[in-house]
Q: 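Below you'll find the structure I mean.
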Number of protein chains: 2
Amino acid sequence: MRVTQASTGRKIIAAAERRMRECGFHGFSFRDIAADVGIKSASVHHHFPTKEDLGAAVASAYTKRLMDALGDPNDPVRMPEDLIELYVDLYRRALQKGKGRQTCLGGVIACELASLPENVARAGVEFFESSAGWLEAVLRRRSPQAEPEATRAQALRILALLQGATLIAKTLDREDVFEVVAKSALE
Amino acid sequence: MRVTQASTGRKIIAAAERRMRECGFHGFSFRDIAADVGIKSASVHHHFPTKEDLGAAVASAYTKRLMDALGDPNDPVRMPEDLIELYVDLYRRALQKGKGRQTCLGGVIACELASLPENVARAGVEFFESSAGWLEAVLRRRSPQAEPEATRAQALRILALLQGATLIAKTLDREDVFEVVAKSALE
DNA sequence: GTCTATAATTTGATAGAC
DNA sequence: GTCTATCAAATTATAGAC
């Protein structure tokens, strides 16, 4: 069994991600994070001087974790159909792991966009671009002869569907809403 | 030409809705709203004693405005297909009117849910339930013989699609993303 | 790297005059 | 109904001891 190092910096990022996905960027404070981790707020500032630094670190770690979990969209060993299922499954597991209380970080950034520090907003753009790009590559493999615009549209459709499904499932506290909607992403 | 009364209360709600849909519930202050309307923050409190009152008023006015614009889903004069187009068009116009900077209020409430006052969170639940219920009624007319679960699923699918499309279009500052995704809502 | 202490600002909210 | 003035609390952030 592999033990992953949980340094204080990582614990802070994990706590901030959870808070951000439950409450939004303006919905938590350095003191909240400090209490979650079991330290004082001044110590949080030692690791991430400003809230912008913390938010940007959370968002880029989030994107990296997702992209690492997805892997190479052109990996010949994996079928495009399986990769799309993998994509849907990552959203499903994120919802379950957060007990239906967390939305995708991309959605959070979208909703607060105009009030976010520059680097956090930019990380949101990168998240959506990475996600859409990965899906596009997978769909291109599945239908190589399709029009590029149609492939792009299909990628955005899947992304939008999962984003929306997560929002609704969270608000109505009905994880089955996610399942019902996600099924149509595979069509 | 009909002149709509723009009382101070209404102006406050309009300003707060805009701020909330651009920045989130925690992304604006009473002073921001006061400046938008051209009064002082104490005067805003006169109309809406607490921020919870203001947020709940914004959300219920928002839901009411949407449902009024949608009208009776069982109106025999209007074809179900046209009603779905009307629904999509309301999202489209909301995005255009806000110059691509505003998301649906339902999505905002979803993202900040755990940090919102009770009445604001509840208004978000009501928004999604009203929306899904209206769509369900329209789709039932279009396919009366369909399984109720399938009709419900289709309604949630359209709702999720438009929610997600709005988030992505706002973040990437690409209104065409909305068009590309919304097209598949009509299928 | 963590702590105590505190600065500087903002925020939601109230009292009371006009 | 709007204003000035103000409060109490919370927030981000820093200084400096250990």
Side-chain angles (χ1 to χ4, degrees), chain A residues 4-59 108-109 111-121 123, chain B residues 4-59 108-109 111-121 123:
Chain A
T4 36
Q5 271 272 19
S7 66
T8 303
R10 263 183 272 268
K11 280 193 223 165
I12 291 171
I13 287 191
E17 182 192 313
R18 200 199 98 235
R19 292 265 182 185
M20 212 168 146
R21 289 173 58 192
E22 287 183 2
C23 308
F25 182 75
H26 298 298
F28 71 90
S29 69
F30 273 79
R31 280 173 174 79
D32 291 328
I33 302 301
D36 290 344
V37 175
I39 54 179
K40 297 295 175 179
S41 73
S43 302
V44 180
H45 278 284
H46 171 77
H47 293 273
F48 302 96
T50 70
K51 200 175 181 184
E52 172 167 13
D53 294 328
L54 177 55
V58 166
V108 173
I109 292 176
C111 286
E112 298 182 289
L113 201 63
S115 61
L116 293 180
E118 200 184 338
N119 286 333
V120 182
Chain B
T4 35
Q5 272 272 21
S7 66
T8 304
R10 263 184 272 269
K11 280 192 223 168
I12 291 171
I13 287 190
E17 182 193 314
R18 199 197 100 236
R19 290 264 183 186
M20 212 169 145
R21 289 173 59 194
E22 287 183 1
C23 308
F25 182 76
H26 298 298
F28 71 90
S29 68
F30 274 80
R31 282 169 177 81
D32 291 328
I33 303 300
D36 290 344
V37 176
I39 55 179
K40 296 294 175 180
S41 73
S43 303
V44 180
H45 279 283
H46 171 78
H47 293 272
F48 302 95
T50 70
K51 200 175 182 183
E52 172 166 12
D53 294 328
L54 177 55
V58 167
V108 173
I109 292 177
C111 287
E112 297 182 290
L113 201 64
S115 61
L116 293 180
E118 198 184 339
N119 286 332
V120 182

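In what follows, chains are A, B, ... by sequence order, proteins preceding strands, each numbered from 1.
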Q: So how far is it from Ile12(B) CD1 to Ile39(B) CD1, rounded to the nearest 0.5 Å?
A: 4.0 Å
Q: May I have the distance from His26(B) (atom NE2) to dG12(C) (atom C1'), rounded to whole angstrom?
A: 13 Å
Q: Taking only N and O in the side chain of Ser43(B), is any of them less than 4.0 Å away from OP1 or OP2 of dC3(D)?
A: yes
Q: Both Arg31(A) and Gly38(A) contact DNA chain C. Taking the nearest nucleotide for each, which residue is further toward the 5' end?
A: Gly38(A)
Q: How long is the gap from CZ on Phe48(B) to CG on Leu54(B), to the nearest 0.5 Å?
A: 6.0 Å
Q: Figure out the CZ/P separation between Arg19(A) and dT11(D), and round it to whole Å.
A: 10 Å
Q: Could you state the interatomic distance from CD1 (Ile13(B)) to CZ (Arg18(B)), rounded to the nearest 0.5 Å?
A: 15.5 Å
Q: Is it true that His26(B) and Ser115(B) share a donor-acceptor pair across their side chains at a distance under 3.5 Å?
A: yes
Q: With a 4.0 Å limit, can you tell me whether Thr8(B) has a side-chain N or O closer than that to the phosphate oxygens OP1/OP2 of dT2(D)?
A: yes
Q: Between dA13(D), dC3(C), dC3(D), which nucleotide gets closest to the side-chain atoms of Ile39(B)?
A: dC3(D)
Q: Under 4.0 Å between a side-chain N or O of His46(B) and OP1 or OP2 of dG1(D)?
A: yes
Q: Side chain of Phe30(A) only, heavy atoms from C-beta on: which candidate in dT4(D), dA13(C), dT12(D) is closest?
A: dT12(D)
Q: What integer distance in Å separates Lys40(A):NZ from dT11(D):C1'?
A: 16 Å
Q: Could you tell me whether Phe48(A) contacts a base, only the sugar-phosphate backbone, or nothing, with contacts defined as non-hydrogen atoms closer than 4.0 Å?
A: nothing
Q: Main chain of Gly38(B), side chain of Lys11(B): is a donor-acceptor contact present, judged purely on distance under 3.5 Å?
A: no
Q: Out of dC3(C), dT11(C), dG1(D), which nucleotide sits closest to the side chain of Ala42(A)?
A: dC3(C)
Q: Take the protein atom CZ of Phe25(B) and the nucleotide atom P of dT11(C), then report the distance between them rounded to whole Å.
A: 13 Å
Q: Starting at CG of Asp32(A) and ending at C1' of dA9(D), how long is that distance when rounded to a whole Å?
A: 14 Å
Q: Do the side-chain N or O atoms of His45(A) get closer than 4.0 angstrom to the phosphate oxygens (OP1, OP2) of dA15(D)?
A: no
Q: Just the rounded figure in Å: distance from C1' of dA13(C) to CD of Glu52(B).
A: 14 Å
Q: Can you tell me if the side-chain N/O atoms of Lys51(A) get under 4.0 Å from OP1 or OP2 in dT12(D)?
A: yes
